[in-house]
Structure formats: C-alpha cells, structure tokens
S.K.: 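Got a structure for you, questions after.
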Amino acid sequence: MSANSSTAAVEPLKSTAGNKNTAGNRGNGGKRSDDGKRKFSRPLVYVLLSLGLLVMSAPFLWMGLSAFKTQSELSASPPVWIPTEWTLENFRQLLDKLDLPLYFMNSVIVAVLVTVSNLVFCSMLGYALAKLNFVGRNKIFGLVLGALMVPGNLMLLPLFVLMSKLQLIDSYAGLVLPFAAGAFGVFLMRQFMQSIPDELLEAARMDGASEWYIFWRIVMPLVKPALATLSIFTFLGSWNNFVWPLIATNDPDKYTLPVALATFATDPNKAGGSNGMLMAGAFLIVLPVLVVFIALQRHFTQGIATAGMK
C-alpha cells in the first residue's frame, strides 16, 4: 500500500512539472514571437516616419534650393531640384528692390519683445496659479482655459479698436502689447511649475526668502525646459504673424518681414514675376526660426515631455 501510494503521489508531481515546462516553453515561444514582431515592425516604423519627414520637408527643401537657382532653372520643365549653378543673384535683387534690413529689424524687435514679455508675465501668472493659495485661483485658471478655446481671429476687431483708442496704431507698442501674454503660455508654465515640490518652496520661506526671491532664484532656474518651449512657440508665432501687423500698420516703415514680402510679391513693378526673389525672401523668413529651434531643441523636447507631469 505504501509503495502504491508513493507512486500515486509522485505521478501528479511529474505531471505538474511537465505542465510547468510546457508553459515555460510556450512562454519562451511567445517572447520569441514578440521579439520577432518587434524586429520586423521597428524598421517599418522608421521607413514610414522617414517618408512622412520627406513629404513634410519637401516644400522647405524646394524653397531653400530655389533661392539659389537661376531664373532659367526655376522655369525649367521638368523641375530641377538641385541647382547646377549656385547663385546669390536673387538675394542681391531682393536687397536692391526691398529695404530688407529695415523690415528684418522690425520683425526682430517685435518678436524679441513679444517673446520676452511672454516669458516674464506667463511665468509670473503660472507661478501664482500653481504655488500660491488665494481666493478665486481656480476661477482664474478656468478663464485661462476658456481663453484657449477662443479663436484668435475673433479678437482682431476688438484689439484694433482698443489700439486705435490708445493711439498705438503704426507703433511697436501696438504690435507688441496685444501679444505680451498668452493663455497657452500661462497654461504651460502653470502645468510645469506644479511638478516643483512644495517642500522646497516652504523651506525657502522658513529661511526668510521673499516670494520674489523664490520665484526668480529657485523656480525660474528649475523651469528652463518650459521657458525654452514657450520661447520657441512664442517667437515662431510672432515672427510669422501676418494678419495683425497688416491691420495695425499703415506706415511701410513699420512693416514686419512677412507683410513687406507679401506686399512686394503683389506689386508687379517690384517683383516682376521673379520667383527667385520671392523664394529668397521666404528663405530669409524661415532661417531665424530654424536657428532658434536648433539652439533650443534639447530644452524644447524636455519641456514638451514633462509639461503635463505633476
């Protein structure tokens, strides 16, 4: 009886061990199949992303290369992608017919002032909404979220009337003040500043630090990725802004670069149907934005990745 019972007790153990081995083999087989799928899908993803990048960048490549082409190559059929003879004649003609340094400086002044003011004011309001307790804080944040839903073009007429009443038309102040702070910047800075530990700020207050000292010396250095992200978005939006400078300026000496190039393109006495000069002007408009993005891209990606974390 004891031998039979021992044999009966061993058989289930063997069966259990066999089942475990079978399950382990199945698990290993599943892992191998998953690894195989990943090895197959990863190159496919890279190919699709590369194709998407090529499609998105093709117009910019065409614009940049066309700025250095001769007029015969621009009108060639089939189109010539890479210039056989690189030339700067389009830029020389554009400088002769358009006061490019003046318009370029106008765009730089407006874009830099708008960017700096957004960094200061949006950071202040974002800090107040994230780290200060006061009556109506949530309601103010709700207004900020509501402002994000309002189309920008809807505010053009009220802004124009307001700037006219303040006699700021045809001035740098009229181009800068309507965009000195934005709801997106406040939202971005508030979300990023929420990730800063409250204990750090409380320790500074216990040491006698003022709110301004805490904001400027402790908080601002910690939110550099968010500041870089806001800088790129704000500079890009201000540099490419066309509708508001067109409405708010009547004096050609106050034109920004996009407005000046658009009026130049529609004037047959100046542009003369020269696509090369227009491509050269468009290339000069895009170039500063690329420089800013390349300089801040490391902080930009970090700010986008962590802005929503708390």
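We use all heavy atoms of the structure for the numbers below, so side chains are in, but hydrogens, waters and symmetry mates are not. Starting from 1, each residue takes its place in the sequence as its number.
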S.K.: Answer yes or no: does atom OH of Tyr46 have more than 12 heavy-atom neighbours from other residues, nucleotides or ligands under 6.0 Å?
M.R.: no
S.K.: Checking the side chain of Trp244 only, and the main-chain atoms of Gly174 only, is there a donor and an acceptor separated by less than 3.5 Å?
M.R.: yes
S.K.: Using the ring of each side chain (for Trp, its six-membered ring), is Phe68 parallel, tilted or perpendicular to Phe283, with breaks at 30° and 60°?
M.R.: perpendicular
S.K.: Check the orientation of Trp212 and Trp216. Use parallel for under 30°, tilted for 30 to 60°, and perpendicular for over 60°.
M.R.: parallel
S.K.: What about Val144 and Val135, same hydrophobic cluster or not, with Ile/Leu/Val/Met/Phe/Trp/Tyr joined at side-chain heavy-atom distances under 4.5 Å?
M.R.: no
S.K.: Do side-chain atoms of Asp170 reach the backbone of Asp251 as a donor and acceptor pair under 3.5 angstrom?
M.R.: yes
S.K.: Nearest heavy-atom pair of Leu98 and Ala260: which atoms, and what distance?
M.R.: CD1-O, 4.3 Å
S.K.: Taking the six-membered ring for Trp, are Phe141 and Phe187 parallel (under 30°), tilted (30 to 60°) or perpendicular (over 60°)?
M.R.: parallel
S.K.: In this structure, would Leu132 and Tyr213 fall into the same cluster of hydrophobic residues linked by side-chain contacts under 4.5 Å?
M.R.: no
S.K.: I would like to know whether Trp239 and Tyr103 meet ring pair (Phe, Tyr, Trp, His ring centres under 6.0 Å); could you show each step before the answer?
M.R.: CA-CA 11 Å; Trp239 184 267; Tyr103 303 131; over 10 Å; no
S.K.: A side-chain contact here means heavy atoms from C-beta on lying under 4.5 Å apart; do Ser123 and Met193 qualify?
M.R.: yes
S.K.: Around atom CZ of Arg205, are there more than 12 heavy atoms from other residues, nucleotides or ligands closer than 6.0 Å?
M.R.: yes
S.K.: Applying a strict under-4.5 Å side-chain criterion to I, L, V, M, F, W and Y, I'd like to know whether Val291 and Phe233 cluster together.
M.R.: no
S.K.: Would you say the side-chain atoms of Lys131 pair up with the backbone N or O of Ile196, donor to acceptor, closer than 3.5 Å?
M.R.: yes
S.K.: Specify the closest pair of heavy atoms between Thr115 and Ala111, including all atoms of both residues, with the distance to one decimal.
M.R.: OG1-O, 2.7 Å
S.K.: Strictly distance-based, threshold 3.5 Å: is any side-chain N or O of Thr234 a donor or acceptor partner for the main-chain N or O of Ser231?
M.R.: no
S.K.: Report yes or no: do Phe134 and Val219 belong to one cluster of Ile/Leu/Val/Met/Phe/Trp/Tyr joined by side chain heavy-atom distances under 4.5 Å?
M.R.: yes
S.K.: Quick one: does any side-chain atom of Ser57 pair with a main-chain N or O of Leu53 as donor and acceptor, under 3.5 Å?
M.R.: yes
S.K.: Enter the distance from Leu284:CG to Leu95:CG here, rounded to the nearest 0.5 Å.
M.R.: 7.5 Å
S.K.: Side-chain contact test, heavy atoms from C-beta onward, threshold under 4.5 Å: evaluate it for Leu175 versus Leu113 and give yes or no.
M.R.: no
S.K.: Taking side chain as C-beta onward, heavy atoms only, is Phe179 less than 4.5 Å from Asn241?
M.R.: yes
S.K.: Show, in sequence, the C-alpha distance, side-chain angles and deciding distance for Leu201 and Tyr127, and conclude whether the side-chain contact (heavy atoms from CB on, under 4.5 Å) test is met.
M.R.: CA-CA 12 Å; Leu201 307 185; Tyr127 173 74; 4.3 Å; yes
S.K.: Using modelled atom types and a 3.5 Å cut-off, is there a donor and acceptor pairing between side-chain atoms of Asn118 and backbone atoms of Val114?
M.R.: yes
S.K.: Looking at Phe192, is its backbone amide N or carbonyl O close enough to the side chain of Ser195 to form a donor-acceptor pair, meaning the two atoms are under 3.5 Å apart?
M.R.: yes
S.K.: Tell me, do Thr256 and Phe242 make a side-chain contact under 4.5 Å, heavy atoms counted?
M.R.: no
S.K.: With rounding to the nearest 0.5 Å, note down the distance linking NZ in Lys254 to CG in Asn106.
M.R.: 7.0 Å
S.K.: Atom CG of Leu100 and atom CE of Met105: how far apart are they, to the nearest 0.5 Å?
M.R.: 11.0 Å
S.K.: Can you measure from CE (Met63) to CG (Leu61) and round to the nearest 0.5 angstrom?
M.R.: 8.5 Å
S.K.: Ile140 versus Leu129: any side-chain heavy-atom pair under 4.5 Å?
M.R.: yes
S.K.: Of the non-hydrogen atoms in Gly185 and Leu230, which two are nearest, and what is the gap between them?
M.R.: CA-CD1, 3.5 Å
S.K.: I'd like to know whether CD1 of Ile82 has more than 12 heavy-atom contacts from other residues, nucleotides or ligands below 6.0 angstrom.
M.R.: no
S.K.: Run Leu94 and Phe264 through side-chain contact (heavy atoms from CB on, under 4.5 Å) and show every step you take.
M.R.: CA-CA 10 Å; Leu94 186 65; Phe264 174 78; 3.9 Å; yes
S.K.: For Ser107 and Leu257, indicate whether the former's side chain and the latter's backbone hold a donor-acceptor pair under 3.5 Å.
M.R.: yes
S.K.: Return yes when atom OH of Tyr172 has more than 12 non-hydrogen atoms of other residues, nucleotides or ligands closer than 6.0 Å, and no otherwise.
M.R.: yes
S.K.: Hey, what do you get for CG (Asp96) to CE (Met277), rounding to the nearest 0.5 Å?
M.R.: 9.5 Å
S.K.: If you define the side chain from C-beta out and look only at heavy atoms, does anything of Leu168 sit under 4.5 Å from Leu162?
M.R.: no
S.K.: Do Pro252 and Tyr255 make a side-chain contact, defined as non-hydrogen atoms from C-beta onward lying under 4.5 Å apart?
M.R.: yes
S.K.: Any heavy-atom pair between the side chains of Leu227 and Met189 that's under 4.5 Å?
M.R.: yes
